[in-house]
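For reference, the structure discussed in these notes is given below.
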Number of protein chains: 2
Amino acid sequence: MNVSASEEYGLRCAVRLASLNPGETLSAPQIAELEGLSVEYVSKFMLYLKKANLVRTFRGINGGFALTRPASEISLKSVFEALTGKNKDSEEFCDQFAGKANTCLRGDSCSIRPFWRILSLYIDEFTRELTLSDLLKTEAETLAKTEAIARKNIDQLKLKVRPSDECSVV
Amino acid sequence: MNVSASEEYGLRCAVRLASLNPGETLSAPQIAELEGLSVEYVSKFMLYLKKANLVRTFRGINGGFALTRPASEISLKSVFEALTGKNKDSEEFCDQFAGKANTCLRGDSCSIRPFWRILSLYIDEFTRELTLSDLLKTEAETLAKTEAIARKNIDQLKLKVRPSDECSVV
DNA sequence: CTTAAACAATACTTATTTGTATGGTTTCAA
DNA sequence: TTGAAACCATACAAATAAGTATTGTTTAAG
């Protein structure tokens, strides 16, 4: 269970943009300076974020980057998906790790999948409900919000995880 | 936020051993067959688990593997640490991703770290409290246990995450 | 006491991720 | 209209992870 460099650094760059006032921009060299990264590396993240339509760009000598929407409307989930190119919903663990057989060899008695599913549902809710603007608040505020998400998770998990959601492959 | 192949496949192999009755063993070829993996790959995971003292081995023509302790006493966390060689507690995100500067350029106003910290504390609790024997139970039972862990998490998180835990580097 | 089948350890190959380099286009200002 | 500074796009190199191969040691059975 690891956070990739793209997720971590890309998120940091996105948060820098989130801290701007309306109309302001930051250039790649500026972000690179702020985050201690190379200009090229920052540019790469900006390209990903732009292609996901989370960031818009201004070219030319006074160019730079800004968010396309208010930070409060950009979920961390959408940022991570943009940075990794992966939509986590689309691939279940069963498909991702199929071994040689290309299909999960475990049948209905698959007892590992529920664990990953529950865990990933938790993570998914956190990243879906937290936005870039949340990462500009105090730690206490972040904690309060995650707590609320966790409580909601508990209530909804019973509905989301059902026996019928077992591995479909034999 | 990704699960590595080693974690997923290695866990599956460990769960196979957890399903054995006392005195029984499984050989690498047997596990490989059950999981659809190569014998060499399974052997690699077994070596890691052995070095972490989670698995003991029996050599020779009728050899095989078995857990050193009851499955209920082996946490998923210890399995993952054995498989990845990483003790997650030891390295904070700040240290893992330091950029060029080798130290986090964000000061006390670091607003990203709390997010990762809270999320990783959740995951950590799940994997610390769930054991290999839990992965042999029904989905409903797993769900009940994760729910209990989540509730406990919420109560304890306020104590664990405090403002004083900010980035220490300037 | 020889051989088959299993574990042990490490080296090796391939794939993916990480991070950099390069050549190009756009824009503004002198 | 020319040049500096920024974005754009892709290619490239280095590091890590994934998975395989190889050589050796152990053990029990014949």
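Being a predicted model, the structure only gives us computed values, none of them experimental.
Across all strands shown, A:Lys44 has heavy atoms under 4.0 Å from base atoms, whether or not it also approaches the sugar-phosphate. Residue-level contact check: A:Ser43 touches neither bases nor backbone, having no heavy atom under 4.0 Å from any strand. Residue contacts shown for B:Ser4 are limited to sugar-phosphate atoms, with no base heavy atom under 4.0 Å away. Nucleic acid contact class of A:Gly60 (heavy atoms, under 4.0 Å, all strands): base.
With the nearest nucleotide of DNA chain C identified for both A:Glu40 and A:Arg59, A:Glu40 has the one nearer the 5' end. Of the two residues near DNA chain D, B:Ser6 and A:Ile61, the one whose nearest nucleotide lies more 5' is A:Ile61. Residue B:Gly64 is the one, among B:Gly64 and A:Tyr41, whose nearest nucleotide of DNA chain C lies closer to the 5' end (criterion: closest heavy atom).
Distances were taken from every side-chain heavy atom of B:Ala5 (C-beta onward) to each of D:dA18, C:dA8, D:dA9; the shortest belongs to D:dA18.
Note on B:Lys50: a side-chain N or O is less than 4.0 Å away from OP1 or OP2 of C:dA8. For D:dT20, the OP1/OP2 oxygens have a side-chain nitrogen or oxygen of B:Ser38 closer than 4.0 Å.
Contact annotation: the side chain of A:Val79 approaches that of A:Leu83 to within less than 4.5 Å [non-hydrogen atoms, C-beta and beyond]. Inter-residue side-chain proximity for B:Asp134 and B:Lys137 is flagged as met; some heavy-atom pair is nearer than 4.5 Å. Using a 4.5 Å cut-off on side-chain heavy atoms (C-beta onward), A:Leu135 and A:Leu76 make contact.
Summarising the geometry of A:Ala150 relative to B:Tyr122, their closest heavy-atom pair is CB-OH, 2.8 Å, with the distance given to 0.1 Å.
Atom OH in B:Tyr48 sits about 12 Å away from atom P in D:dG19, given to the nearest Å. Between the CG atom of B:Leu47 and the C1' atom of D:dT20 there is a distance of 15 Å, given to the nearest Å. Following rounding to the nearest Å, A:Leu83 (CG) and C:dT17 (C1') show an atom-to-atom distance of 14 Å. Computed from coordinates, the A:Asn62 CG to C:dT27 C1' distance equals 8 Å when rounded to whole Å.
Under 3.5 Å, the side chains of B:Ser78 and B:Glu81 contain no donor-acceptor pair of N or O atoms.
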